[in-house]
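Read the structure below first, then the notes.
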Amino acid sequence: QELEEARRWEGARDVRPLDGNVRRWGGLLLPNNPPYNTGAFRFELTFSPNHPLEPPCATLRTPIYHPSVDLEGRVCQPLTTQVHWEPTTRAIQVLQDLLLQLDSPDPQRLLRPDVARELQERPEEFRRRAEEHTRLHAEPRPD
């Protein structure tokens, strides 16, 4: 049911269980805003055996130049921390929050202080690097 909801959402494509495992979903996120909206970014959503009592973990598998995503693809996502997690939160809300974060980088949600500093102090340079990184690493956007 939650998987079908995620499949119908226009912010992602190709959402499906990975290796037939319903606790691991993969798909493509489609950012709306520059500098990321020229590409698609592969994500993985992993659910604990205790879901929905424990939050899922979102990881970006496509490299991205973003202050809230580290080099391993881990995302600073307060929604999925034990402190903020509510068992009523749906998987689609986690994906929507992730997409919103990609579209609107927040210097308060950071895993890469150097990139956050660049975004605040030299926004043109940040945008140029992020666009170049997207061009080199992101997947083509599906039609």
Side-chain angles (χ1 to χ4, degrees), residues 1-121 123 125-127 129-143:
Q1 179 180 343
E2 285 198 66
L3 182 60
E4 284 310 312
E5 187 176 35
R7 283 181 168 152
R8 287 192 305 272
W9 177 50
E10 71 281 353
R13 293 286 180 287
D14 194 28
V15 180
R16 67 189 188 299
L18 297 174
D19 305 320
N21 182 348
V22 294
R23 291 194 204 284
R24 277 183 63 223
W25 297 1
L28 287 172
L29 275 179
L30 307 175
N32 298 301
N33 299 335
Y36 309 110
N37 63 339
T38 56
F41 295 83
R42 197 149 295 280
F43 71 86
E44 190 172 311
L45 200 57
T46 307
F47 299 89
S48 137
N50 299 323
H51 184 76
L53 299 178
E54 290 178 7
C57 177
T59 310
L60 279 184
R61 294 296 176 210
T62 305
I64 188 169
Y65 191 78
H66 195 287
S68 303
V69 184
D70 74 11
L71 297 173
E72 280 77 53
R74 290 182 297 247
V75 182
C76 177
Q77 196 174 19
L79 177 69
T80 60
T81 60
Q82 291 291 352
V83 179
H84 294 102
W85 181 252
E86 295 289 335
T88 54
T89 305
R90 303 183 61 72
I92 188 145
Q93 291 170 286
V94 174
L95 293 175
Q96 288 167 337
D97 181 68
L98 179 57
L99 185 62
L100 180 65
Q101 191 163 335
L102 294 185
D103 277 337
S104 307
D106 180 351
Q108 301 308 309
R109 293 179 166 193
L110 63 96
L111 290 174
R112 295 177 67 188
D114 56 324
V115 176
R117 194 166 32 258
E118 183 180 71
L119 173 61
Q120 289 184 301
E121 296 172 6
E125 179 70 9
F126 165 80
R127 186 182 179 114
R129 285 183 198 223
E131 284 172 351
E132 177 69 3
H133 209 270
T134 298
R135 190 179 64 71
L136 291 172
H137 299 285
E139 297 186 27
R141 288 175 79 93
D143 295 329

Taking side chain as C-beta onward, heavy atoms only, is [X] less than 4.5 Å from [Y]?
X: L98; Y: L79; answer: no
X: T46; Y: R24; answer: yes
X: H51; Y: E2; answer: yes
X: R112; Y: Y65; answer: yes

Return yes if some donor-acceptor pair links the side-chain N/O of [X] with the main-chain N/O of [Y] below 3.5 Å, else return no.
X: R16; Y: D14; answer: yes
X: R74; Y: L71; answer: no
X: Q77; Y: D97; answer: no
X: T134; Y: G39; answer: no
X: D19; Y: N21; answer: no
X: W25; Y: F47; answer: no

H137 and H133 aromatic ring geometry - parallel, tilted or perpendicular at 30°/60° bounds: tilted
H66 and Y36 aromatic ring geometry - parallel, tilted or perpendicular at 30°/60° bounds: tilted
Residue list, side chain to side chain contact (heavy atoms under 4.5 Å, CB included) with S48, at least two apart or on another chain: N50, E54
Minimum heavy-atom distance Q101-S68, with the two atoms named: NE2-CB, 2.9 Å
CD/E72: more than 12 non-hydrogen atoms of other groups inside 6.0 Å: yes
From CA spacing to verdict: salt bridge (charged side-chain N to carboxylate O under 4.0 Å, His left out), R129, E125: CA-CA 6 Å; R129 285 183 198 223; E125 179 70 9; 3.0 Å; yes
